[in-house]
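Sharing a structure with you now.
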Amino acid sequence: MLFNTFKKNKSNISPIEIPFSWYVVWGTLNTLTEDVVWQDDKFAIISALTTEQFALSSTEQFVVVGDLWLSNRLELLQKLGVDVNSFSTNNCQLIAELWEKFGCECLKLLEGMFGLVIWDRQKQVLWLGRDRIGSRTLYYTTAGAIRAIAPKMRSLAFYRSTDVDLVALRDYLCCAFVPGERTLWEQVREVRPGTVIEMPANKVYTYWELQQQITGENESLVWHGDRLRSLLNRVVREYLPQNAPVGVFLSGGLDSSSITALAAKFHHQPVHTYSIHFGAECPNELEFSNLVAEHCQTQHHILEITFKDMWERLPQTIAYLDDPIGDPLTVPNFLLGRMARENVRVILNGEGGDPCFGGPKNQPMLINSLYGSINNQDSLQAYLIAFQKCALDLPQLFKPEVWTDVKTEPSVFSRDLNSDASYLNRLMALNIKFKGADQILTKVNNLTQAANLHGRSPLFDQRIVDLSMQIPPQYKLSGVEEKAVLKQAVADILPNSIIHRPKSGMMVPVQMGFRKYWQREAKKLLLDNKSAIAPYFNQSLLRNWLHYKGDIWGRYGVKLWLLVSLEIWLRVNKK
């Protein structure tokens with residue numbers, strides 16, 4: 001089965017084809033016309049599957065379908081009492097046998113990435129489970145006689161309406177991603193990380209929850225750094241492929257440099273590193289990434305991405321995303337993945353360092369916690385503004401009737417913002433649970449798979465995340481010193497100039513892009529009365545943004561990229 005999206009062809013937009021993933025259906029299955037891989041009265045597996053994605057338990061009571069990679073496979077086999085040398089079948093088969101023995105409690109034993117569907121043929125119960133951090137995705141429809149479940153949302157198009165979830169739309173405009181269980185489609189929901197859903201009872205069980213459990217409060221930074229380094233050594237070793245080269249996306253910042261150095265230390269096959277820049281017009285960080293690559297003796301590759309590349313590749317990139325993501329790094333991530341596939345099958349990255357160890361983007365919120373009573377901002381308002389997207393523009397950006405429908409709907413962030421954890425750990429929990437699962441890891445998963453790569457994020461490993469919530473906050477972000485514990489952990493394997501360089505982040509030059517290169521095409525997309533976003537937004541405000549009227553802080557490029565990504569995503573997913 002194929003999925004239509006768009007590619008740029010001169011001045012026109014024409015269809016290209018993206019393959020569907022597997023999906024399953026559950027319910028009244030009298031009129032199935034799709035390619036059925038396996039079926040009984042109420043459950044069917046549809047479309048292409050690899051041998052790694054499907055298994056029956058030994059008693060044939062349980063059917064297991066899923067995308068998964070496990071870092072503790074040997075330990076799980078030992079739990080089953082199986083000879084590790086004789087059990088050579090796939091990971092879905094392993095889950096099927098674990099489910100036979102432990103039921104849904106077996107999810108607590110799994111370390112790795114997974115989105116799983118388990119059908120109990122005897123009890124007629126369906127289970128949907130997702131890994132703790134959200135490295136894999138799983139979506140399901142909420143209406144109709146037949147419910148569909150899939151790791152890729154586009155596979156559910158036939159089983160959902162075209163109604164947009166307006167609250168999800170509001171949240172996307174604030175964050176550049178859709179947080180929580182909502183998706184941009186009203187009839188599609190996402191299984192949350194660390195949970196399992198039982199159907200038809202519609203019960204949600206949390207088998208893991210991110211919690212602050214500070215230990216070693218009286219211990220030194222060196223003690224906590226050593227503890228972190230020991231775990232990093234173990235995790236990175238487990239994430240390296242056997243007897244094959246490995247790649248690392250390397251920006252030259254602390255996080256990706258740390259993973260590069262650890263991979264180079266432990267891997268006995270070639271280590272390839274990949275960096276980007278945006279041409280002579282724009283500043284770059286190649287000085288730092290080149291320094292790390294030379295220090296770690298990697299095979300380094302550099303990709304120049306032009307403004308033409310950014311615009312022309314955006315529709316193809318958006319087609320691989322489940323929900324829209326308004327992060328300008330989507331296109332660079334996709335193009336760099338295609339480059340990496342020429343050398344490697346497994347690609348590591350440094351994602352997770354900021355959410356877990358106190359990146360500088362938390363500083364505005366920490367300042368607000370001290371001075372919020374002066375600037376009259378509550379914590380939720382301050383948190384949404386900290387994204388620097390469209391939170392303050394919503395009353396003017398939305399059409400009045402749409403704003404009326406969404407303005408009083410509660411925020412998915414409120415519970416964590418008001419928890420009893422330390423203030424920094426509250427912010428970190430938000431970034432791990434939502435930005436991590438709903439933007440960063442979803443983007444990594446989809447865009448590496450689009451390049452036929454296996455993407456792995458060691459700093460987002462569940463054990464690293466758990467440890468990060470045990471480290472005293474002052475060793476993560478204190479004043480202007482960020483990620484002190486991570487710097488301590490890797491100080492012996494990186495140059496001092498990398499350890500002590502200030503955080504800058506990968507800045508994609510979208511402001512320049514719209515001013516000099518994309519304005520005309522953006523107007524065609526966003527100001528067309530028949531555009532997909534026209535029913536929701538005030539076009540006079542968009543017209544002002546497209547002409548940079550009132551752009552005091554130079555933020556309209558980011559907002560326009562957000563809206564262009566949304567418009568293309570809605571067109572791509574039009575039924």
(request) Might you work through the side-chain contact (heavy atoms from CB on, under 4.5 Å) test for Tyr172 and Leu562, ending with a clear yes or no? (result) CA-CA 9 Å; Tyr172 168 78; Leu562 188 82; 3.8 Å; yes
(request) Check the pair Gln388, Val558 against side-chain contact (heavy atoms from CB on, under 4.5 Å), reporting the backbone distance first and the verdict last. (result) CA-CA 9 Å; Gln388 296 186 321; Val558 171; over 6 Å; no
(message) Side chains of Asn233 and Arg237 only: does a donor on one sit below 3.5 Å from an acceptor on the other?
(response) no
(request) Answer yes or no: are there more than 12 heavy-atom neighbours, outside Lys308 itself, under 6.0 Å from its atom NZ? (result) no
(message) Would you compute the distance between atom CG of Asn445 and atom NE2 of His454 and round it to the nearest 0.5 angstrom?
(response) 8.5 Å
(message) For Leu527, is there any backbone N or O sitting under 3.5 Å from a side-chain donor or acceptor partner on Ser531?
(response) no
(request) Apply side-chain contact (heavy atoms from CB on, under 4.5 Å) to the pair Cys174 and Phe413, showing each step before the final yes or no. (result) CA-CA 12 Å; Cys174 293; Phe413 302 127; over 6 Å; no
(request) Please answer whether the main-chain N or O of Tyr548 pairs with a side-chain N or O of Arg515 as donor and acceptor at a distance below 3.5 Å. (result) no
(request) Using atom types as modelled and distance alone, determine if a side-chain donor or acceptor of Glu567 lies under 3.5 Å from a backbone N or O of Ala532. (result) yes
(message) Closer than 3.5 angstrom, by distance alone: can the side chain of Arg130 be matched with the main-chain N or O of Gly134 as a donor-acceptor pair?
(response) yes
(request) Would you tell me whether Asn573 and Arg154 have side-chain atoms, one donor and one acceptor, within less than 3.5 Å of each other? (result) no
(request) Would you name the heavy atoms of Asp131 and Gly112 that are closest together and state the gap between them? (result) CB-O, 3.7 Å
(request) Enter the distance from Met310:CE to Ile305:CD1 here, rounded to the nearest 0.5 Å. (result) 7.0 Å
(request) Heavy atoms only: give me the nearest Ala437-Ile133 pair and the separation to one decimal. (result) CB-O, 3.5 Å
(message) Is it the case that over 12 heavy atoms from other parts of the model lie below 6.0 angstrom from the CD atom of Glu294?
(response) no
(request) Please confirm whether the backbone N or O of Arg456 pairs with a side-chain atom of Asn349, one donor and one acceptor, at under 3.5 Å? (result) yes
(request) Could you check if a side-chain atom of Phe249 sits within less than 4.5 angstrom of a side-chain atom of Val444, using non-hydrogen atoms only? (result) no
(message) Go through it in stages, so that I can follow the logic: the residues are Val235 and Ile464, the test is side-chain contact (heavy atoms from CB on, under 4.5 Å), and I'd like the CA-CA distance, side-chain angles, deciding distance and then a yes or no.
(response) CA-CA 8 Å; Val235 169; Ile464 299 288; 4.1 Å; yes
(message) Tell me if a side-chain donor or acceptor on Ser257 pairs with a main-chain N or O of Leu254 at a distance below 3.5 Å.
(response) no
(message) Given Asp354, which partner from the list Asn431, Leu459, Asp255 fulfils the side chain to side chain contact (heavy atoms under 4.5 Å, CB included) test?
(response) Asp255
(request) Compare every heavy atom of Ile325 with every heavy atom of Ile318, then report the nearest pair and how far apart it is. (result) CD1-O, 4.4 Å
(request) First locate atom CD of Gln511, then atom SG of Cys282, and finally report the distance between them rounded to the nearest 0.5 Å. (result) 12.0 Å
(request) Could you tell me whether Arg192 and Asp438 make a salt bridge, using a distance below 4.0 angstrom between a side-chain N and a carboxylate O? (result) yes
(message) Quick one, Asn529 and Gln539 - any side-chain contact, counting heavy atoms below 4.5 Å?
(response) yes
(request) Look up atom CG in Asp309 and atom CG in Leu314, then write down how far apart they are to the nearest 0.5 Å. (result) 12.0 Å
(message) Would Arg501 and Phe288 count as a cation-pi pair here, with the cationic atom under 6.0 angstrom from the ring centre and within 45° of the axis?
(response) yes
(message) Are the side chains of Phe357 and Ile471 in contact, using a 4.5 Å heavy-atom criterion?
(response) yes
(request) Look at the side chain of Ser289 and the backbone N and O of Ser275, then say whether any donor-acceptor pair between them is shorter than 3.5 Å. (result) no
(request) Apply salt bridge (Lys or Arg N to Asp or Glu O under 4.0 Å) to Asp165 and Arg182, showing your working. (result) CA-CA 8 Å; Asp165 186 312; Arg182 292 180 185 271; 2.8 Å; yes
(message) Distance alone, cut at 3.5 Å: any donor-acceptor contact between the side chains of Thr137 and Thr442?
(response) no
(request) May I ask you to decide if Leu417's main-chain N or O and Arg426's side chain share a donor-acceptor pair within less than 3.5 Å? (result) yes
(request) Report yes or no: is the cationic atom of Arg170 (NZ for Lys, CZ for Arg) under 6.0 Å from the centre of the six-membered ring of Phe398, at an angle within 45° of the ring normal? (result) no
(request) Write down the atom of Ile499, the atom of Lys487, and the distance for their closest heavy-atom approach. (result) O-CE, 3.3 Å
(request) Check whether any side-chain heavy atom of Ser258 sits under 4.5 Å from a side-chain heavy atom of Leu494, and report yes or no. (result) yes
(request) Starting at OG1 of Thr330, measure out to CD of Gln439 and round the result to the nearest 0.5 Å. (result) 9.5 Å
(request) Working to the nearest 0.5 Å, report the span between CG of Asn538 and CG of Asp393. (result) 11.0 Å
(message) Among Phe278, Phe514, Tyr517, exactly one meets ring-ring contact (aromatic ring centres under 6.0 Å, His included) together with Phe307. Which residue is that?
(response) Tyr517
(message) Check for me whether the distance between the ring centres of Phe334 and Tyr320 falls short of 6.0 Å.
(response) yes
(request) Please name the pair of heavy atoms, one in Lys476 and one in Cys356, separated by the smallest distance, quoted to 0.1 Å. (result) CD-O, 3.6 Å
(message) Between Tyr556 and His547 (side chain of the first, backbone of the second, donor and acceptor by atom type, cut-off under 3.5 Å), is there such a pair?
(response) no
(message) Between Leu542 and Leu397, is there a side-chain heavy-atom distance shorter than 4.5 Å?
(response) yes
(request) Locate the shortest heavy-atom distance separating Ala263 from Val248; write the atom from each residue and the value. (result) CB-CG2, 4.4 Å
(message) Do Tyr536 and Leu166 make a side-chain contact, defined as non-hydrogen atoms from C-beta onward lying under 4.5 Å apart?
(response) yes
(message) Is it the case that atom NZ in Lys265 sees more than 12 heavy atoms from other parts of the structure closer than 6.0 Å?
(response) no
(message) So Leu563 and Leu173, do their side chains get closer than 4.5 Å, heavy atoms only?
(response) yes
(request) Would you kindly say whether Asp322 and Asn446 are connected by a side-chain donor-acceptor distance under 3.5 Å? (result) yes
(request) Look at the aromatic rings of Tyr274 and His301 and report parallel, tilted or perpendicular, splitting at 30° and 60°. (result) parallel
(message) Are Asp323 and Trp569 packed together at the side-chain level, in the sense that at least one heavy-atom pair is separated by less than 4.5 angstrom?
(response) yes
(message) I'd like to know if Lys433 and Asp416 make a salt bridge, using a cut-off of under 4.0 Å between side-chain N and carboxylate O.
(response) yes
(message) Main chain of Gly455, side chain of Gln449: is a donor-acceptor contact present, judged purely on distance under 3.5 Å?
(response) no
(request) Using the side chain to side chain contact (heavy atoms under 4.5 Å, CB included) rule, pick out the option among Thr298, Asn343, Leu250 that qualifies with His272. (result) Asn343
